[in-house]
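To start, the structure itself, in C-alpha cells.
Counting starts at 1 for both ligands and their atoms, in listed order. Note that the numbering runs from 1 along the sequence shown for the chain. It should be emphasised that the depicted structure is a prediction, and the values quoted were computed from it without experimental measurement.
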Amino acid sequence: MNAVSIAPTNHVVGPRLSIDLDAVAANTRLFVGRAAGEIMAVVKADGLGHGAADVARTALANGATRLGVTSIGEAVGLRFDGLTAPVLSWLNAKGADWDLAVRYDVELAVPSVDHLEAIERTTTGARIHLHLDTGMARDGASPSDWAELCRAARVAERRGRLQVVGVMGHLGCADDPSEECNRTARQLFDWGVGTAWSAGLRPQHRHLAATAATLTDPDAHHTMSRIGAGLVGIDPSRTVALKPALTLRAPLVSVRTVGAGTPVGYGHAWTAPAATRLGLLPVGYADGLPRIASGRAEVLVGGQRRPLVGRISMDMAVVDLGDAAVTLGDDVVILGPGHAGEPTVREWAAWADTIEHEIVTGLGARLQRTTSVAATRPDVLRTV
Ligand SMILES: *Cc1c(COP(=O)(O)O)cnc(C)c1O
C-alpha cells in the first residue's frame with residue numbers, strides 16, 4: 001500500500017546553496033600567515049563554484065594582493081565586476097584576444113615562443129609571466145624550449161613591446177610532500193629563474209606553490225603563492241583544518257510510505273527491505289550530485305544521517321527516511337561544513353571516487369545561491 005502526499009509548489013523554496021564568505025576570509029588569513037610571499041587568490045571556475053567576484057573581494061579584503069584565473073574571459077569578467085587588483089590569466093590559445101587583455105590590464109602567462117609572438121604582433125605593453133613546465137607535461141614551456149623563450153622575451157622587452165614581470169611553474173605532486181618529484185620540480189624552477197636572469201630578464205614575481213605546497217613546503221614559496229582550493233576550505237595536503245564555505249539544502253517535496261519489496265528509481269537499483277518512508281529531494285546530477293555516489297551517499301534529515309536510495313536522477317534523489325521525524329517541506333542538508341552532522345564535501349568526494357574540487361565546481365547554476373558575510377565587512381559584497 002502506497003500513500004503519497006505532495007508539497008505545494010513554491011519557487012522560492014527549492015534546493016539552495018549557501019556560501020559563507022567568512023569562511024573564505026578566515027582561510028585567506030591563514031594562508032597570508034603561512035606564505036613567505038604575496039597571496040594570489042585563484043578564482044578560476046567561478047571561484048571554484050563559490051562566486052568568483054565574491055571570493056576575490058573577500059580574499060583581497062583579508063590580505064591577498066593579486067588575482068589569478070585561467071582565461072582572459074574570466075579575467076575581464078572580474079574587471080566588469082569592479083575588481084581592480086592585478087590579475088593574471090594563464091591558459092589561452094595562441095589566437096586569444098591579447099589586446100583585450102592588455103586593455104583590461106590583465107597580466108598573461110606565456111608558455112611558448114608562438115604565444116609570445118602572437119602577443120607581440122597584436123598588442124603593446126603586455127605584462128607577462130613566463131610559464132615553465134616543472135614536471136607535469138601539461139601547461140608551460142618544456143625545459144628544452146625555455147632558454148629560447150627567455151631570449152625571445154628579452155628581445156621583445158628591449159623593443160619595448162612587453163614586459164616580463166614573472167616566472168611561474170606548477171607542482172604535480174604537492175599533495176604528498178614526501179614525493180621526490182617535488183624536489184625535482186623545485187630545482188627545475190630554480191634553474192628556470194636562473195636562465196631567465198641570465199637572459200637579462202628581471203622578473204619580480206616568482207611563483208610555484210599552490211594550496212598544498214604553501215602549507216607543506218616552505219622551499220617552494222618564492223615571492224608568491226597561488227591559492228585556489230584552500231580559500232574555499234579544501235586542503236589537499238590534509239595538514240590543516242580549513243573552513244568549508246558551502247551548505248546545500250533541499251526541501252522534501254514528497255513523503256511516501258512503501259511496503260517491503262518496493263523497488264525505487266531507475267533500474268530498480270534499490271528495493272526496500274522492509275516497510276519504510278521515502279522522501280523526494282528536488283536535486284540531482286544536473287545540480288552536481290554525482291550519480292556514481294548512488295547507493296553510498298547520505299544526507300542529514302531531522303538531525304539523523306539517512307541514506308539516499310536508488311539511483312540519483314537528473315533532477316531528483318530519494319532518501320530513505322526510516323523513522324526520522326520530518327514533515328513535508330522540511331529541509332534536508334545534503335552537504336555542509338559538518339558541524340551538525342551533515343555530510344561534508346570530503347565525504348561526497350569519497351562517495352564519488354573523486355576529489356573535493358570536482359564536487360564544489362560541479363554544483364550547478366540551477367541551484368538558488370545565497371552568499372553571506374559578517375556585518376563587519378559589508379564592503380565585500382557588491383550591492384546589485
Ligand atoms: C588551479 C591552479 C592553482 C590553484 O591551485 P590550488 O591547489 O587550487 O590552490 C594554482 N596555479 C595554477 C597554474 C592552477 O591551475
Does Glu148 come within less than 4.0 Å of Arg151, counting only side-chain N to carboxylate O?
no

Taking only heavy atoms of Ile227 into account, list the atoms of ligand 1 that are under 4.0 Å away from them.
9 (O)

Under 4.0 Å from any heavy atom of Lys44, which atoms of ligand 1 are there?
1 (C), 2 (C), 3 (C), 14 (C), 15 (O)

For residues 116-123, which side-chain N or O atoms pair as donor and acceptor with protein atoms under 3.5 Å away, sequence neighbours left out?
from: Glu120; atom 1: OE2; to: Arg159; atom 2: NH1; distance (Å): 2.6
from: Thr122; atom 1: OG1; to: Ala118; atom 2: O; distance (Å): 2.7
from: Thr123; atom 1: OG1; to: Asp99; atom 2: OD1; distance (Å): 2.8

Establish, yes or no, whether a centroid distance under 6.0 Å links the rings of His207 and His129.
yes

So which protein heavy atom does atom 5 (O) of ligand 1 come closest to, and at what separation?
Ala210 CB, 3.3 Å

Please state which option from Leu91, Asp175, Thr211, Leu88 has its nearest heavy atom closest to atom 6 (P) of ligand 1.
Thr211

Between Asp331 and Arg16, does any NZ, NE, NH1 or NH2 come within less than 4.0 Å of an OD or OE carboxylate oxygen?
yes

Identity and separation of the nearest protein heavy atom to atom 11 (N) of ligand 1:
Arg226 NE, 2.8 Å

Starting from atom 8 (O) of ligand 1, what is the nearest protein heavy atom, named by residue and atom, and what distance separates them?
Ala229 N, 2.7 Å

Sorted by chain and number, sequence neighbours left out, ring-ring contact (aromatic ring centres under 6.0 Å, His included) with Trp98 holds for none

Is Arg366 salt-bridged to Asp315, going by a charged N under 4.0 Å from an acidic O?
yes

Check each atom of ligand 1 against the heavy atoms of His170 and keep those under 4.0 Å away; list them by number with element.
10 (C), 11 (N), 12 (C), 13 (C), 14 (C)

